[in-house]
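Data block below; observations after.
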Amino acid sequence: MFSSRIDWRVEPNRLMAILKQKKQNHIPILDLTDTNPTTAGLVYDSDAIQQWVSQPDILLYHPDAKGSMAARESIAEYYRDHGQPVNPDQVCLTASTSEAYAFVLKLLCDPGDEILFPQPSYPLFDFLAAWESVSLKPYPLVYSSRSGWQIDMDRLLDAVSHRCRAIVVVSPNNPTGSFLKPADLAHIGNLCRRFDLALIVDEVFLDYPSKKHNVTVNTTAGHAESLTFTLSGLSKICGLPQLKLGWIHVSGPDPLVQAAIIRLELIADTYLSVSTPVQVAAPHLLMNRQKIQDQIQIRIEANEKFLQNTLVNHQRFLPYRREGGWYQVLSIPDRGSDEELACHLLAQDDLLVHPGYFYDLDENFACLVLSLITPPHTFQTGICRLMKKW
Ligand SMILES: Cc1ncc(COP(=O)(O)O)c(C=O)c1O
C-alpha cells in the first residue's frame with residue numbers, strides 16, 4: 001500500500017520511549033536539548049512582528065514562483081551585510097530551509113542518485129533525501145584537539161561515484177559547529193568542477209560564530225567556480241521558525257545558474273508554498289534581526305562559559321572545539337556508551353541530553369550534544385546534575 005521510501009521504523013527509540021513515559025507521569029524534565037528559540041525565554045519585539053505580518057498588502061495575492069521581489073531584495077541586502085553582493089533574481093524563496101533542500105534535490109537528482117553529506121550531521125537529512133528517492137553517502141568530519149573538526153578530503157574524494165550529483169556542506173555544521181574554511185571551499189569547488197557536481201551549502205547558523213576562535217566566516221552565496229546553492233532561512237537568522245521562510249541562492253558559471261533558476265522556478269511554481277504575510281514581513285524581519293541575534297549570542301556565550309568553568313573541576317568531560325552554531329558536543333567519561341548514559345540520565349535524574357549517535361557521531365567520539373540556547377537556569381541546574389554523577 002505504501003511507498004518504500006517511507007518504510008521507516010515508527011516506534012520511538014529508547015530515549016524517546018523513556019521521555020514519553022516521564023511526560024505521561026507528569027514528571028518535570030530538565031531539558032538540555034531544546035533549540036526552539038520561541039520558547040527559550042528570549043524577548044521578541046512582539047508588537048512590531050505582529051504588525052509586520054498583518055499589513056494590508058497581505059490581502060492581495062500576486063503569485064511569483066521565486067517569491068516577491070521585495071522579499072528577495074531584502075535577502076540580497078542580508079548577503080550585502082555579509083560583504084557579498086548578490087542579484088535578487090538568483091534567489092528563490094521556500095517555506096523553510098528543509099523545503100529548500102527538497103527543491104534542490106528535485107532539481108539535481110534522479111531516483112537512486114547520490115549526494116555526499118557530512119558525518120556527523122543533523123538527523124533530518126535522512127528523511128529529506130529519502131522523500132526524494134536519493135541515497136545519502138556520508139563523508140567524515142575528523143577531529144583533533146589542535147585543529148578541531150576538519151573535512152576528510154581524501155574520504156570525500158573516495159565517496160564520489162558516477163551516481164553522485166552534489167556535495168552538501170553545513171557551515172557551521174550542526175552539531176559540531178565547524179565552519180567551511182576558504183581553503184576547503186576552494187578544494188571542494190575543484191572537486192565539483194572535476195566531477196560535474198553541484199555544491200549545496202546550508203548556512204542557517206552563519207550568523208552565530210563563536211568569538212573564541214578567529215575563524216573566517218564567509219557566505220558561499222558568491223561562489224562562482226561551481227554551481228552552488230546556498231540555503232538559509234528565518235528560523236535561525238531571526239529566531240522565527242514558525243513564520244516559515246527559507247531560501248535558495250544560486251551562484252556559479254552563468255549558463256548553469258540560468259538553467260538551474262528556470263528549473264527551480266518550475267518546481268517552486270508547482271507548490272507556491274511561501275505565504276504572502278511572511279513575504280510582506282521579510283524586509284522588516286531581516287532588517288531587525290540583530291536584536292534577537294544579540295540575545296541568542298549572549299545566551300550561548302553565558303552557557304558556554306558556565307560549562308567551561310564547571311568542567312575545570314570535572315576534567316573527565318571534555319568539550320569539543322566549537323566555532324559557531326547553537327550546540328556543544330561534550331565527550332563522556334571512559335568512552336562509555338552515549339545511548340546508555342543519555343537513557344540513564346533521563347531515567348534516573350530526569351535530565352534530557354542527546355546522545356551523539358543521534359547525529360551519527362559514532363562510538364569513537366562517545367559524546368553528548370547540548371543545546372546552548374537552553375535558558376541559563378535550566379542549563380546550569382542540568383550541568384550540575386550531570387557533573388554530580390562523577
Ligand atoms: C543545519 C540545519 N539546517 C536546516 C535546518 C532546518 O531549518 P528550517 O527550520 O528553516 O527548515 C535545521 C534545523 O534545525 C538545521 O539544524
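Just so it is clear, the structure is predicted and the values come from calculations on it, not from any experiment. Just follow the structure's listing: the first ligand is 1, and inside any ligand the first atom is 1.
- Only side-chain heavy atoms of S235 come within less than 4.0 Å of ligand 1; its backbone N, CA, C and O stay farther off.
- The line from CG of N303 to OG of S371 is 8.0 Å long, rounded to the nearest 0.5 Å.
- Between D89 and R72, at least one side-chain N (NZ, or NE/NH1/NH2) sits under 4.0 Å from a carboxylate O, which counts as a salt bridge.
- Only the side chain of V204 comes within contact range of ligand 1, with a heavy atom under 4.0 Å; no backbone atom does.
- Distance from atom 12 (C) of ligand 1 to its nearest protein heavy atom, with residue and atom name: Y122 CE1, 3.6 Å.
- For atom 6 (C) of ligand 1, the closest non-hydrogen atom on the protein side is S98 OG, 3.6 Å.
- In this structure, G233 falls outside the shell of residues with a heavy atom less than 4.0 angstrom from ligand 1.
- In the vicinity of D202, heavy-atom distances shorter than 4.0 Å reach the ligand 1 atoms 1 (C), 2 (C), 3 (N), 4 (C).
- Shown here is D196, whose CG atom has no more than 12 heavy atoms of other residues, nucleotides or ligands within 6.0 Å.
- Under the 4.5 Å side-chain contact rule for hydrophobic residues, V142 and V329 do not share a cluster.
- When non-hydrogen atoms are compared, ligand 1 lies under 4.0 Å from the side chain of K236 (C-beta onward) but not from its backbone.
- Here the heavy atom of the protein found nearest to atom 10 (O) of ligand 1 is T97 OG1, 2.7 Å.
- Looking from atom 16 (O) of ligand 1 to the surrounding protein, the closest heavy atom is N174 ND2, 2.8 Å.
- Between N174 and T35 there is no side-chain heavy-atom pair separated by less than 4.5 Å.
- The aromatic rings of Y320 and Y143 stand perpendicular to each other, their planes meeting at an angle above 60°, with 30° marking the opposite boundary.
- With a 6.0 Å radius and a threshold of 12 heavy atoms from other residues, nucleotides or ligands, R289 has its CZ atom above the threshold.
- Ligand 1 lies out of reach of K244, whose nearest heavy atom is not under 4.0 Å from it.
- Remark: ligand 1 atoms within the under-4.0 Å shell around heavy atoms of V170 are 1 (C).
- Checked against the 6.0 Å centroid criterion, the rings of F103 and Y271 qualify as a close aromatic pair.
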